Amino acid sequence: MALKKNIVSCVIGLLALFLGILVLNLNFNIDRLTEKEKCPACFGISACPDIATNKIRLKYLDFYSFLNSLMSVKNVYSGEYNDQNVVLKKLAHQSELEDFDKLICSDPGLLELCVNKQKPRKLKTNFQKLIMNELSGGGFADPDNKITLCPSTDGFDQLISNTQILQSADEKDLLKYLWTIVKINPEPLLLQILQADNNWPVPKYFGACGRTIVEEYVGLPLSSYLNEPWMRRAKIASSLLDAAYKFTFMDPKFSYYLTDISIDNIAVNNLDQAIFVDLENIIIVDRQPPLKDFRKLEKWNHTHKNQLDIDCQDCYVFSPIDICSHKFSDHNFYAVCQHILGHGLGTSIHKHGFLQNPPQDILKKYPNFSYLLEQCSIPDISISRIDMGNQLKHVLDTMITEVR
């Protein structure tokens, strides 16, 4: 009995010590978190002054955010900036960042980015070319590619023309920052292109310091709302369909297709609006490509329909080549309707989607609701998923308005 008590006491003591060490590690100065000494192999420096003056600091909003920071494998931390809750992200696992450092310190063409090695005097790397190689998707053969601009990369300068990094970065280092971002994680660039202040459903971007970015804390993930009252879920669902439309059509030149949409990559704000908080994987289609590229695209003016493996409810499949070969694609509606609202959420518990179990009085009053949801999820060959999604949003908005 005494031995058992000693073992229990020892385990408790070790756990307390372990948690104490972790808590101490969480309370280090943010300046240590940023790794700004590795710039320009980083995301930027615009937020460094506010971090240096303690305007941006770590803060645990609740037990959920504290636990997330404590066990943060992906380097995501809660903080505060000008009395506003924010999230500090390093945008990669620590092992991924270490692999990136090994890459730039072992490749002779990238040594000028390596902190620990002498910079070559004569060798000058063409970072513009490296960026274009990343954006072209390596011919869609590179599984690690996170951002693709197609069918041409010629529009890249226009794509980033209003970004913060273009205005704040030293001209000689700009391309190095941009290459690092597209190589590690394009989210800081996307948050500057799709600005929240311009009504895009993304968090507000406050800047970067080294390998840490600061963005708005939106709220809990969509997965936390699976058991909310149905009408509240209907309101959130309407905003998801609105986001699918915006990413596809709102920009007059580019369409943005998110290729890793899930209930854990979307948060819900205090207005019950869905906000996309993980923009790591994306295909951007330039709808006004150069004539030389346009002539090669036989089906350019036909809207691409995702009909791959449509009998597999939980398989999130798509063809980058097909998306890039058409002016428009129904990919965003496919992701939202089939994989969130409709059949599969990627969990064994909720197989019927975010809009599961609608009230009987709703089904009686809006008899076309189920049909629209079904056709937006897995449409018949002759049906437009985009049209069904827009009609479904209209029905949801009508429900929400009438219930008030």
Side-chain angles (χ1 to χ4, degrees), residues 135-141 145-156 159 186 190 193-194 200-202 240-262 265-266 274 276 278-290 293-313 315-344 372-393:
L135 293 173
S136 65
F140 305 110
N145 179 261
K146 297 178 174 66
I147 177 171
T148 298
L149 176 60
C150 59
S152 167
T153 59
D154 288 12
F156 182 65
L159 182 70
L190 268 296
I193 295 169
L194 308 173
W200 288 98
V202 299
L240 283 164
L241 290 165
D242 184 57
Y245 183 89
K246 286 178 177 176
F247 285 131
T248 308
F249 297 105
M250 192 164 84
D251 191 310
K253 180 172 171 60
F254 301 99
S255 291
Y256 307 88
Y257 300 104
L258 305 182
T259 58
D260 187 23
I261 291 179
S262 75
N265 292 340
I266 301 169
F276 290 71
D278 188 332
L279 305 177
E280 182 175 2
N281 299 282
I282 193 165
I283 296 172
I284 304 173
V285 173
D286 184 347
R287 302 203 306 272
Q288 300 170 21
D293 295 292
F294 174 77
R295 285 174 174 166
K296 302 174 186 176
L297 305 171
E298 297 179 4
K299 298 181 180 180
W300 179 250
N301 289 314
H302 298 273
T303 298
H304 163 247
K305 298 181 179 180
N306 188 332
Q307 296 173 332
L308 298 174
D309 291 342
I310 58 176
D311 292 330
C312 180
Q313 293 181 356
C315 297
Y316 188 67
V317 292
F318 57 90
S319 167
I321 294 176
D322 287 343
I323 291 174
C324 288
S325 301
H326 296 76
K327 188 175 183 178
F328 291 108
S329 170
D330 70 359
H331 173 82
N332 289 327
F333 287 87
Y334 154 77
V336 167
C337 287
Q338 185 166 333
H339 291 280
I340 297 180
L341 302 185
H343 293 277
L372 292 174
L373 179 57
E374 177 185 337
Q375 291 301 317
C376 187
S377 299
I378 306 177
D380 296 335
I381 295 297
S382 60
I383 298 293
S384 164
R385 179 184 267 123
I386 295 174
D387 287 344
M388 294 297 101
N390 289 332
Q391 289 184 47
L392 177 61
K393 182 184 182 318

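Values in this document were obtained by computation on a predicted structure and should not be read as measured data. Start at 1 with the first residue, then count along the sequence.
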Heavy atoms only: give me the nearest A274-L240 pair and the separation to one decimal. CB-CD2, 3.5 Å
If you take all heavy atoms of T303 and D330, which pair is closest and at what distance? CG2-N, 4.4 Å
Do V285 and F328 come close enough that some side-chain heavy atom pair is under 4.5 Å? no
As a test of understanding, state which of I266, N265, I261, V202 forms a side-chain contact (heavy atoms from CB on, under 4.5 Å) with D278. N265
Using side-chain heavy atoms (C-beta onward) and a distance below 4.5 Å, is I321 in contact with C150? no
Go through the structure and list residues passing side chain to side chain donor-acceptor pair (under 3.5 Å) with T259, not counting sequence neighbours. none
Using 30° and 60° as the class boundaries, would you call the ring planes of Y257 and H331 parallel, tilted or perpendicular? perpendicular
With the side chain counted from C-beta on, respond yes when D387 and F333 share a heavy-atom pair under 4.5 Å apart, and no when they do not. no
d(H304 NE2, C324 SG) to nearest 0.5 Å is 10.0 Å
Reported CG-to-CD1 distance for the pair L135 and I283, which is rounded to 0.5 angstrom: 12.5 Å
Contact between D322 and K299 at the side-chain level, heavy atoms closer than 4.5 Å - yes or no? no
At what distance, to the nearest 0.5 angstrom, does NZ of K327 lie from OG of S255? 9.0 Å
Residue set satisfying side chain to side chain donor-acceptor pair (under 3.5 Å) with Y245, at least two apart, ordered chain then number -> none
Keeping D154 on the side-chain end and P289 on the backbone end, is there a donor-acceptor pair under 3.5 Å? no
At what distance, to the nearest 0.5 angstrom, does SG of C376 lie from CD1 of I383? 11.5 Å
Is any side-chain heavy atom of Q338 closer than 4.5 Å to a side-chain heavy atom of R385? yes
What's the shortest heavy-atom distance between C337 and L241, and which atoms? SG-CD2, 3.7 Å
Which heavy atom of R287 sits nearest to which heavy atom of D251, and what is that distance? NH2-O, 2.7 Å
Beyond-backbone contact of I323 with T148, side-chain heavy atoms, under 4.5 angstrom: no
To the nearest 0.5 Å, what is the distance between CD1 (I340) and OH (Y334)? 11.5 Å
Contacts of K253 that satisfy salt bridge (charged side-chain N to carboxylate O under 4.0 Å, His left out) - sequence neighbours left out: D286
Going by the rule salt bridge (charged side-chain N to carboxylate O under 4.0 Å, His left out), which residues pair with D260 if we only count those two or more places apart in sequence or in a different chain? none
Do I386 and F249 come close enough that some side-chain heavy atom pair is under 4.5 Å? yes
Residues which pass salt bridge (charged side-chain N to carboxylate O under 4.0 Å, His left out) with D242, listed by chain and number, not counting sequence neighbours: K246
Ring centroids only, cut at 6.0 angstrom: are F247 and F276 within range, meaning strictly under it? yes
What heavy-atom pair brings L159 and I284 nearest, and what distance separates the two atoms? CD2-CD1, 3.9 Å
Residues at least two apart in sequence or cross-chain that pass side chain to side chain donor-acceptor pair (under 3.5 Å) with K393, listed by chain then number, are S238, D397
Residues which pass ring-ring contact (aromatic ring centres under 6.0 Å, His included) with Y256, listed by chain and number, not counting sequence neighbours: W200
S382 side, atom OG; K305 side, atom NZ - distance, nearest 0.5 Å: 7.0 Å
Which residues satisfy the salt bridge (charged side-chain N to carboxylate O under 4.0 Å, His left out) test with K146, sequence neighbours excluded? none
Show your reasoning for whether side-chain contact (heavy atoms from CB on, under 4.5 Å) applies to I381 and Q307. CA-CA 9 Å; I381 295 297; Q307 296 173 332; 3.7 Å; yes
Side chains of P151 and L297, heavy atoms from C-beta outward: is any pair under 4.5 Å? yes
Non-neighbouring partners of T153 that pass side chain to side chain donor-acceptor pair (under 3.5 Å), sequence neighbours left out: none
